[in-house]
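Scope of the values below: all heavy atoms of this structure, side chains included, with no hydrogens, waters or symmetry mates. Protein chains get the first letters and strands the later ones, always in sequence-line order, with residue 1 at the start of each.
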There are 2 protein chains.
Amino acid sequence: MPSPSARDLLIARGVRCTPPRIAIARLLLEGPPRHVTAEQLHDELARSGHPVALATVYNTLHHLCAAGLLAPLHVERGRSWFDTDPRPHHHLLHEDTGEITDIPLLDLPLPRLPEGTELVRADLIVRVRGR
Amino acid sequence: MPSPSARDLLIARGVRCTPPRIAIARLLLEGPPRHVTAEQLHDELARSGHPVALATVYNTLHHLCAAGLLAPLHVERGRSWFDTDPRPHHHLLHEDTGEITDIPLLDLPLPRLPEGTELVRADLIVRVRGR
DNA sequence: GTACGTGCAAACGTTTTGCAGCGGG
DNA sequence: CCCGCTGCAAAACGTTTGCACGTAC
């Protein structure tokens with residue numbers, strides 16, 4: 001089964017189709033899951049012939065997160081990463097290289113949540129070093 | 001058993017005792033575990049009559065992390081948190097209030113690590129919302 | 001005595017904001 | 001037609017750096 005078209009994904013989630021959003025959705029949502037930063041994506045858009053202002057890249061990334069098409073990823077100080085696979089799963093961070101890889105969903109033991117709160121997400125980041 | 005004195009902790013870990021470091025260690029290492037940001041600590045030092053330059057606060061926090069007296073905590077974009085309890089445990093983040101609370105060490109199922117890498121730490125952050 | 005810590009201010013990289021103009025629905 | 005998106009540049013934010021001076025050991 002081929003990936004659904006970027007346009008259809010946007011429409012399905014009620015996100016307005018504009019040229020920058022379509023270009024971004026095409027790069028991120030058609031094809032295999034990846035992790036990107038805003039800066040990376042900004043460069044990639046320019047190189048692919050669809051230059052988009054950095055501010056618009058951030059805007060769109062946040063919109064796509066809110067729409068559930070991306071997941072934000074906080075692994076290190078400074079940069080924000082975005083995961084093109086919004087389904088629950090975990091991450092392994094190689095601290096020497098900065099490389100992030102996915103870990104299939106582990107069945108984590110979760111604590112009892114405080115009264116009246118609901119779970120948003122449980123992020124597990126396994127940090128490793130070495131060769 | 002009373003907490004060991006801040007001075008003794010620094011000496012035991014081979015950290016030079018200077019006035020800013022002693023003031024910071026006193027605030028952070030004597031007393032119950034807490035989570036602080038550099039900015040918070042900077043204010044607190046000023047209010048307690050031991051003003052320290054912000055750059056020195058950062059410097060010292062990093063030194064204390066390297067010495068194993070603190071643990072860094074990456075929960076959100078932008079700010080870095082420091083945990084005064086360096087023993088392994090996990091965290092619950094209330095996304096509406098920004099409040100961070102500790103979760104006792106859970107027995108997490110960990111994936112096989114890549115060849116030749118060693119585990120640094122496994123951080124679990126449980127994100128919740130609501131009342 | 002010397003290596004290292006300190007304060008200050010200025011630089012840094014990433015993200016956000018303000019605003020005028022454009023374009024999707 | 002109008003609301004919301006866009007690009008641009010400037011500002012904001014937390015953090016780091018460079019340097020002259022001072023101090024722990």
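For residues 53-69 of chain B, every residue pair satisfying the side chain to side chain donor-acceptor pair (under 3.5 Å) rule, not counting sequence neighbours, is listed here: B/R21-B/H63. Sorted by first and then second residue, the side chain to side chain donor-acceptor pair (under 3.5 Å) pairs with a member in residues 98-109 of chain A read A/H35-A/D102, A/H89-A/D102, A/H91-A/D102; sequence neighbours excluded. Pairs passing the salt bridge (Lys or Arg N to Asp or Glu O under 4.0 Å) check and including a residue from residues 36-49 of chain A, sequence neighbours excluded, read A/R34-A/E44.
For the side-chain contact (heavy atoms from CB on, under 4.5 Å) test, residues two or more places apart in sequence or in another chain that qualify with B/L105 are B/P88, B/H90. Partners of A/P111 according to the side-chain contact (heavy atoms from CB on, under 4.5 Å) rule, which considers only residues two or more places apart in sequence or in another chain, are B/I103, B/L106, B/V126. Checked against side-chain hydrogen bond (donor to acceptor under 3.5 Å, both in side chains), A/R121 has the following partners two or more places apart in sequence or in another chain: A/D123. Listed by chain and number, the residues in a side-chain hydrogen bond (donor to acceptor under 3.5 Å, both in side chains) with B/R87 are B/D85 (sequence neighbours excluded). In this structure B/I125 satisfies the side-chain contact (heavy atoms from CB on, under 4.5 Å) test together with B/V75, B/L93, B/R127, sequence neighbours excluded. Residues forming a side-chain hydrogen bond (donor to acceptor under 3.5 Å, both in side chains) with A/S5 (at least two apart in sequence, or on another chain): A/D8.
Separating the CG atom of B/L10 from the P atom of D/dC25 is a distance of 10 Å, rounded to the nearest angstrom. To the nearest angstrom, C1' of C/dG25 lies 13 Å from CD1 of A/I22.
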I'd like a list of close polar pairs between nucleotides 4-6 of chain C and the protein, N/O only, cut-off under 3.5 Å.
from, atom 1, to, atom 2, distance (Å)
C/dC4, O4', B/R16, NH2, 3.2
C/dG5, OP1, B/R21, NH2, 3.3
C/dG5, O5', B/R21, NH2, 3.0
C/dG5, O3', B/T18, OG1, 3.4
C/dT6, OP1, B/T18, OG1, 2.3

Open item on the list: So if I define the base as every atom that isn't primed, P, OP1 or OP2, how would nucleotides 10-16 of chain D read as a B/S/- string at a heavy-atom cutoff under 4.0 Å?
Closed with: ----SBB
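Between A/H74 and B/H74 the shortest side-chain heavy-atom distance does not fall below 4.5 Å.
Between the axis at the start and the axis at the end of the helix from C/dG1-D/dC25 to C/dG25-D/dC1 there is an angle of 50°, using five pairs per end and rounding to 10 degrees.
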